[in-house]
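Numbers restart at 1 for each chain; the letters A, B, ... are given by sequence-line order, proteins then strands.
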Protein chains: 2
Amino acid sequence: MTQSPWQPISPAKPVRPAKEPLNRERIVDTALRVMIDQGYEAVSMRKIAQELQTGPASLYAHVANKKELDQLLVDRAAAAMNLPSPPDPERWQEQLKEAMREMLRAMRTMPGVARAAIGAVPLGEAALRTSECLLGILKAGGLPDQAVAWAVDLIPLYVTAVAFEENVQRADQWSPEDLEQFLDGLRSYFASLPADRFPLTMALAGPLTAGAAGDDRFEFGISVITAGLASLAERR
Amino acid sequence: MTQSPWQPISPAKPVRPAKEPLNRERIVDTALRVMIDQGYEAVSMRKIAQELQTGPASLYAHVANKKELDQLLVDRAAAAMNLPSPPDPERWQEQLKEAMREMLRAMRTMPGVARAAIGAVPLGEAALRTSECLLGILKAGGLPDQAVAWAVDLIPLYVTAVAFEENVQRADQWSPEDLEQFLDGLRSYFASLPADRFPLTMALAGPLTAGAAGDDRFEFGISVITAGLASLAERR
DNA sequence: ACCTGAACACCGTTCAAGT
DNA sequence: ACCTGAACACCGTTCAAGT
């Protein structure tokens with residue numbers, strides 16, 4: 001074989017290696033992209049490896065296991081949250097509601113993250129910052145320390161559960177029309193129940209199937225929790 | 001081969017067929033047993049089939065898919081709940097708390113059922129009876145209809161999320177000592193944080209790691225929710 | 001109508017072998 | 001130290017073939 005004259009004589013060495021090396025960040029970036037595009041179910045060690053043009057075994061040099069990857073995704077979501085600060089004793093209830101709305105908003109931008117978050121203790125740096133912020137708001141509200149601490153457990157639990165519910169529906173690929181059709185079916189199902197055994201379910205079929213699409217149900221939830229916490233503060 | 005004299009001459013035909021036929025109930029019974037023994041992760045179509053001495057394909061004649069099996073398990077848990085009745089306007093808050101305690105108790109006897117329940121709309125007969133009962137208690141509390149309906153969504157969501165959390169710990173096979181060790185680790189982790197950025201997390205390390213074992217945290221949650229709902233009733 | 005074996009298209013994780 | 005192929009022990013679901 002002859003060397004073309006415009007090529008250097010030194011052995012052909014690409015300026016960049018064909019593959020850039022694997023690292024934690026690239027793995028989490030890829031997992032996040034897959035999760036946003038295709039949902040939590042699609043985030044598998046095998047699929048992430050495939051996206052990175054390698055085999056699943058390669059990931060284990062950078063991530064302990066799937067659970068750790070899930071935790072890293074949760075921390076990404078926490079990092080995306082813009083929580084109200086500094087805490088204001090005059091407005092703590094509104095700040096708390098704002099924080100919960102923001103938590104849900106961030107989780108919605110990463111559908112599936114709720115599934116990764118639920119039932120895991122979030123100890124990443126961003127998750128801790130979220131906790132610290134909530135602690136501040138609740139302290140500003142004048143709650144006793146133990147109530148503050150348990151509330152910081154209760155609040156993400158509720159928001160995550162709501163996001164998780166939405167995520168299940170999304171995973172089933174329900175369009176708004178599908179949802180409306182499902183609710184219609186539900187209403188006629190309620191109407192067909194034996195009236196002697198399910199009188200209230202039948203009477204409240206309307207309210208029971210309302211607010212499934214928008215944020216009214218979530219707003220109700222955060223109002224109940226905020227009012228409940230406020231009632232604890234008043235007893236101080 | 002000679003026939004033993006005390007055996008009938010007619011061809012050996014067992015009085016019962018070697019296998020009793022498969023049906024929904026046997027499948028759900030088996031799945032429930034596996035779930036109680038080995039947790040939700042162990043409840044797979046393949047494993048249940050194996051327990052029933054058949055192949056996984058055989059189950060699909062009686063159960064649409066895994067999701068339907070999950071729903072049937074959830075309804076078994078709902079059927080095991082002994083909710084307070086009839087509703088008493090004088091005691092509705094205590095009845096509501098009792099109901100939530102009973103829901104958690106039933107879910108605890110079937111670890112894993114929370115995982116099957118979360119994010120699915122429970123429409124089995126027993127689940128509907130649970131709803132009907134909660135509707136009665138909340139109506140007795142004088143809440144507006146829409147609040148009653150959304151509360152019936154919020155309450156099982158919270159209880160299920162709590163049960164799910166406990167279930168994750170159980171799935172990781174944590175003994176009480178492991179939990180204590182984990183909490184110790186957590187406390188020293190909190191103590192090691194940068195004091196300028198996480199002052200409250202550090203100051204509240206005690207309360208934050210308290211009540212993880214017993215029911216204090218759950219009692220706090222049901223108090224907050226009940227008080228929040230009561231504050232809506234007062235505004236009527 | 002019900003059951004079955006075999007297949008399809010997946011999982012998470014480990015491990016010995018390479019560079 | 002990092003990467004890899006191959007294997008292990010699993011998944012849910014489908015489908016043609018049996019009875």
Side-chain angles (χ1 to χ4, degrees), chain A residues 11-14 16-32 34-35 37-74 112 115-116 118-120 168 171-173, chain B residues 11 13-14 16-32 34-35 37-74 112 115-116 119-120 168 171-173:
Chain A
K13 187 185 175 188
R16 296 211 158 202
K19 282 181 171 185
E20 38 178 338
L22 229 46
N23 58 44
R24 239 165 198 265
E25 209 196 336
R26 286 189 65 213
I27 292 171
V28 178
D29 285 346
T30 305
L32 195 57
V34 169
M35 187 166 73
D37 289 355
Q38 295 161 259
Y40 177 76
E41 313 297 337
V43 181
S44 68
M45 299 298 271
R46 296 180 104 95
K47 174 98 133 224
I48 304 310
Q50 204 188 334
E51 294 274 326
L52 289 163
Q53 314 225 63
T54 183
S58 302
L59 305 184
Y60 287 85
H62 305 95
V63 165
N65 49 34
K66 175 78 194 316
K67 222 165 108 180
E68 187 175 288
L69 179 55
D70 281 355
Q71 287 273 21
L72 292 169
L73 289 169
V74 172
R115 194 142 186 170
I118 205 154
V168 170
D172 290 352
Q173 305 266 19
Chain B
K13 187 184 175 188
R16 297 213 158 201
K19 282 182 174 187
E20 36 179 337
L22 229 45
N23 59 45
R24 239 165 197 263
E25 210 196 335
R26 287 188 65 213
I27 292 171
V28 179
D29 285 346
T30 306
L32 195 57
V34 169
M35 188 166 72
D37 287 357
Q38 295 161 262
Y40 177 78
E41 313 297 337
V43 182
S44 69
M45 300 298 270
R46 297 179 104 97
K47 173 99 133 222
I48 304 309
Q50 202 188 335
E51 294 275 324
L52 288 163
Q53 315 225 60
T54 182
S58 302
L59 306 183
Y60 287 85
H62 305 93
V63 166
N65 48 35
K66 175 79 193 315
K67 222 165 106 179
E68 188 175 288
L69 179 55
D70 281 355
Q71 286 274 20
L72 292 170
L73 290 169
V74 172
R115 193 141 187 171
V168 170
D172 290 352
Q173 305 265 19

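With a cut-off of 3.5 Å on both pairing distances, the Watson-Crick or G-U wobble partner of D/dA1 is C/dT19. Look at C/dT14: its Watson-Crick or wobble partner, with both distances under 3.5 angstrom, is D/dA6.
Remark: side-chain polar atoms of B/Arg26 are paired, donor with acceptor, to backbone N or O of B/Pro21 under 3.5 angstrom.
In this structure, A/Ala61 and B/Glu41 both approach DNA chain D, and ranking their closest nucleotides by distance from the 5' end singles out A/Ala61. Taking the nucleotide of DNA chain C with the nearest heavy atom to each of B/Arg46 and A/Lys67, the more 5' of the two is matched to B/Arg46. Closest-nucleotide positions on DNA chain D for B/Ala42 and A/Leu59 were compared, and the one nearer the 5' end corresponds to A/Leu59.
Nucleotide D/dA1 holds its P atom 18 Å from the CG atom of A/Asn23, rounded to whole Å. Between the CG atom of A/Asn65 and the P atom of C/dG12 there is a distance of 11 Å, rounded to whole Å. Nucleotide D/dT4 holds its P atom 10 Å from the CD atom of A/Gln53, rounded to whole Å. Spacing between atom CG of A/Leu22 and atom P of D/dA1 amounts to 17 Å, rounded to whole angstrom units. One can place CG of B/Leu69 at 13 Å from P of D/dC11, the figure rounded to the nearest angstrom. The CE-P distance, from A/Met45 to D/dC8, rounds to 21 Å in whole Å. B/Arg24 has its CZ atom 15 Å from the C1' atom of C/dC2, to the nearest Å. If you measure from atom CD of A/Gln50 to atom P of D/dG5, you get 13 Å, rounded to the nearest angstrom.
The local environment of CD in B/Gln50 is sparse, with at most 12 non-hydrogen atoms from other residues, nucleotides or ligands closer than 6.0 Å.
Distance from the side chain of B/Lys66 is smallest for D/dT13 among the nucleotides C/dG12, C/dC3, D/dT13. Residue B/Ala57 places its side chain closer to D/dC15 than to any other of D/dA6, D/dC15, D/dT13. Taking every side-chain heavy atom of B/Lys47 into account, D/dC11 is the closest of C/dG12, D/dC11, C/dC3. Between D/dC11, D/dG5, C/dG12, one nucleotide has an atom nearer to the side chain of B/Ser44 than all others, and that is D/dC11.
Put simply, A/Ser58 has no side-chain N or O that comes within less than 4.0 Å of OP1 or OP2 on D/dC2. The phosphate of C/dC3 (OP1 or OP2) has no side-chain N or O of B/Thr54 nearer than 4.0 angstrom. Of the side-chain N and O atoms in A/His62, none sit less than 4.0 angstrom from OP1 or OP2 of D/dA1.
When side chains are defined from C-beta on, A/Leu69 does not count as touching A/Leu59, because their heavy atoms never get closer than 4.5 Å. Side-chain contact between A/Met35 and A/Arg115 is absent, with no heavy atoms from C-beta onward closer than 4.5 Å.
Atom C1' of D/dA16 sits at a distance of 13 Å from the matching atom of C/dC3, rounded to the whole Å. Between the C1' atoms of C/dA17 and D/dC2, the separation comes to 13 Å (whole Å).
Distance check, rounded to the nearest 0.5 Å: CD1 of A/Ile48 to CG of A/Leu22 gives 11.0 Å.
Across all their heavy atoms, A/Val34 and A/Ala42 have their closest contact at CG1-O, 3.7 Å.
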